[in-house]
Amino acid sequence: MPDPAKRPHLYLIDGSGYIFRAYHALPPISRGDGTPVGAVYGFSNMLFKLLQDLGDNDRPSHLAVIFDAGRTTFRNDIYPEYKAHRPPAPEDLIPQFPIIREAVEAFGVEAIEMQGYEADDLIATYATQARDKGWRVTIVSSDKDLMQLIDDNISMFDSMKSTRIGIDGVADKFGVGPDRVIDVQALAGDSADNVPGVPGIGVKTAAQLINEYGNLETLLDKAEEIKQPKRRQNLIDFAEQARVSKQLVTLAVDAPVETGLDAFAVRNPQAEKLLSFIDKQQFRSLRAKVLNHYGDTLEGSDPVTDVLVTPKEIEYQCVTTKDVLATWVEHIKKAGQVTIDTETTSLDPMLADLVGISLSIEPGKACYIPVGHVGESDDLLAEAPEQLSKDHVIQTLKPVLEDRSILKIAQNMKYDRTILARCGINVSPFDDTMLISYALDAGKHGHGMDELAGIHLDITPIPFKEIAGTGKNQITFDKVPLDKATTYAAEDADITGRLWRILKPRLAAEGATTVYETLERPLSSVLSAMEQEGVKVDTDTLRRLSNEFATGMASLETEIHELAGREFNIASPKQLGEILFDEMGLSGGKRSAKTGAYTTNAEVLEALAAEGHTLPAKVLEYRQFAKLKSTYTDALVAQVNPTTGRVHTSYHMAATTTGRLSSNDPNLQNIPIRTSAGRKIRQAFIPEAGNILLAADYSQIELRVLAHMADIDALKTAFSDGIDIHAMTASEVFGVPIDDMDPMVRRQAKAINFGIIYGISAFGLARQLGISRGDAQTYINAYFEKFPGIRAYMDTTIDFAKKHGYVETLFGRKCHIKALTEKNPMRRQFGERAAINAPIQGTAADILRRAMIRMPKALKEAGLEEVKMLLQVHDELVFELPETLRDKAETVIRETMEAACKPVLDLSVPLVVDCGFGANWDEAH
DNA sequence: CCACTCACG
DNA sequence: GACGTACGTGAGTGGC
């Protein structure tokens, strides 16, 4: 028996069943020449969907579609009336049969049929052959006649319902196991197939009788014993008819098939064949889907080599006439895909004005369509170059960019989507090379276009600086001359298209499709909407705070200078260090390894303050004010968008190793909360009048994920029972009762719990708690003694990481850890800790992503369109909503977040979401 | 442009 | 036995 994980898996598709389903599911469609192709279309889509949808575990290694060859089979020799009542195939279906066989061939799949045998017999024959060789078999059909074949290795799959039927499913349907299905059918008959059976007996009664007597022959032999007179008589009178019926329903497992199983090995379709078939039928959306799925892995298309992505010549065109633009649109429609890039006046998509759009369909060919260029001098109107109007270009491209059958490809589509959304275009569908790269290579390198171009294409794109200058002399893109702008912009679209051709096929090949399709791509538009929504800040409050902080800083500055005996720049760690440790002669001055400067961070200053020194304490105060003022109050006021009056952050989807988002310009994921002065800044985040803010955060999500991943019963039970997890840890590690726990002991346990998530070290824990390294080590030892499963989890994770170079989240996201291969033991241990942390932090991040992706639909379905998701802060989502919707919104939000793992992951601990609401973000906590 | 510091989870 | 450390971010400032 081959390795069960790797043994072949044969899929046998009931082609006739597929055809009839396709025919009835779709309205009549004809192609240009009048030939009806509705069923062909439905069939092709179903076949493609099956090839595309199956998860990694269920992927076929072998595949064939089985058809009926004609109306008469060996069963008509046994019973001429078999299937005699079947109406002929509908008139408009008949010409589609041969086209459907072409479709199967075009997809590179074997089509099997044989005169004298039904498709079911061929399926039975192949299924049995494969099973006997130790293969797994899936029969794709909903025909109950095939259920007799089901066993431990053969199952059925209903592709419309996406449900798999095994032995249990048969029992549900027939009331007996698969081995007695034919006995039941022999008794019950089948009016659709004109199988007579025994009168007065249906499936229910048949199952009851077979279960009682064991099988058909025994039942017929003992028919005299049946109590019910009518049933007894029928069983006696129609015994022979039952036997004939059994023959009719019994599938032949010995059909003399000629094609061997090996011929069914799955292979990628040949591009030319498949695309020409699709084009002949005029299936535009299918064309796009097929290209999207196979990328350039299609056999016979240029392989992914230099030939494909390195064009022989470069042809970049500046489009300034309607005719040329129309030609591009035609080419895009024909190709079914286009790479797009927008050029604007700002990196902030909420401030940026559209300047031009570049497009590319194939490597080496791209165009730039200027729409917002102005003159190079200040005399704007006089020197603006000739270009198409923005309005005309938008109206011309809108149908293409919104066409569901045309795939739009971009590098960081979220940016372009926001820009285009502001022009009234809703881009769909799309692929994003930045996100594909992230799904594949998170942690290996960055995912910006220039970096990817260097790595995958060995190209250094024209630096933006080269065309726009640097520093205060830098000009915006609308002032770049058209020739330079065209070279730069068209190159971006060209490179993005070439990157897509390299990266897209890797998704399927490296098992990253699910991460990309379920955690990356759908989030892009959700974030775009959140960014466009923005959040309101109370600028008056921020300005007032800024003044308060400035006043505080000024008086502290005087005091500090007096204490130091001279003036110096308090904000300079270098100068401060010299004052403290050289001039004032305080002890404990540690120099940093890199520059040799004294360390003056909060930890050091706090220690000095604790010794009774005033100056360090004042500096700490000063630093807090300085930080809050420069990073928050002043910066936030400056970030308010003049048009919307709100602050629009930008979420970076591909920044972290672990799958977390990051927020920038401004960063709204590090708004103060830990100190009262800091919380005043949070109070400046407010809703519009009549609205409230609602903050929903996952309670202890990372510890819950850890409890599940490491499978720690004590932790899981504590979470299920709603026990304070830090108190529980304290009770286990320090042997104290949970009730009336000393807050200091709980604090220590909390630090241990966080330490575990970070890949604990005695040094780190000691520093966090201000205890000796020896004591910290004692705590850690005690912890691992109580929770040995954690140690095991950590060891397993590090082993996996070292073997593969990456770790995985519960949702399959790969996080590559570079430092694991370091020779320097310190850096390598750093990698080991990162490897322990990444699956935990990453799984939590995946859960947040799932919740966010589902949130808009969940709100909409509850009639809560007015509830707007504004912010994400790693374990928290912030919403703005009319106060009247508070309770209903809270329910939907909580349910969506708590169920975010489902249905693909059944977490063994509950997820708990705490919701708060209020007139500002601080109150909402 | 890097180092340092510090805000958040 | 010596490395010199908690995990993941972004932003402001000083200083070379």
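What's counted below: heavy atoms across the whole structure, side chains too, no hydrogens, waters or symmetry copies.
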Can a side-chain donor-acceptor contact be found between [Y] and [X] if the only test is distance below 3.5 angstrom?
X        : Y        : value
A/Gln777 : A/Asn781 : yes
A/Asn569 : A/Ser572 : no
A/Ser528 : A/Gln532 : yes
A/Glu531 : A/Thr418 : no

* Asked: So A/Phe734 and A/Tyr779, would you call those rings parallel, tilted or perpendicular, with 30° and 60° as cut-offs?
  ->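 Perpendicular.
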Please determine if a side-chain N or O atom of [X] lies less than 4.0 Å away from the OP1 or OP2 oxygen of [N].
X        : N      : result
A/Ser663 : C/dG10 : no
A/Arg623 : B/dC6  : yes
A/Ser761 : C/dG4  : no
A/Arg767 : C/dA6  : yes
A/Ser662 : C/dG10 : yes

Quantified in whole Å, what is the [atom1] atom distance between nucleotide [N] and nucleotide [M]?
N     : M     : atom1 : result
C/dG1 : B/dC6 : C1'   : 35 Å
C/dA2 : B/dA7 : P     : 36 Å
C/dA6 : B/dC1 : P     : 27 Å
C/dC3 : B/dT5 : C1'   : 25 Å

Could you give the [atom1]-to-[atom2] distance, from [X] to [N], as a whole number of Å?
X        : N      : atom1 : atom2 : result
A/Asn569 : C/dG15 : CG    : C1'   : 11 Å
A/His874 : C/dG8  : NE2   : P     : 13 Å
A/Lys590 : C/dT5  : NZ    : C1'   : 12 Å

* To do: Once you apply the 3.5 Å cut-off to both distances, tell me the Watson-Crick or G-U wobble partner of B/dC4, or none.
  => C/dG12
* Structure fact -> Answer for the Watson-Crick or wobble partner of C/dA2, both distances under 3.5 Å, is none
* **B/dG9 base / A/Arg674 side chain donor-acceptor hit below 3.5 Å** => yes
* Select from A/Ala593 and A/Ser630 the residue whose nearest nucleotide in DNA chain C is closer to the 5' end of that strand. => A/Ala593
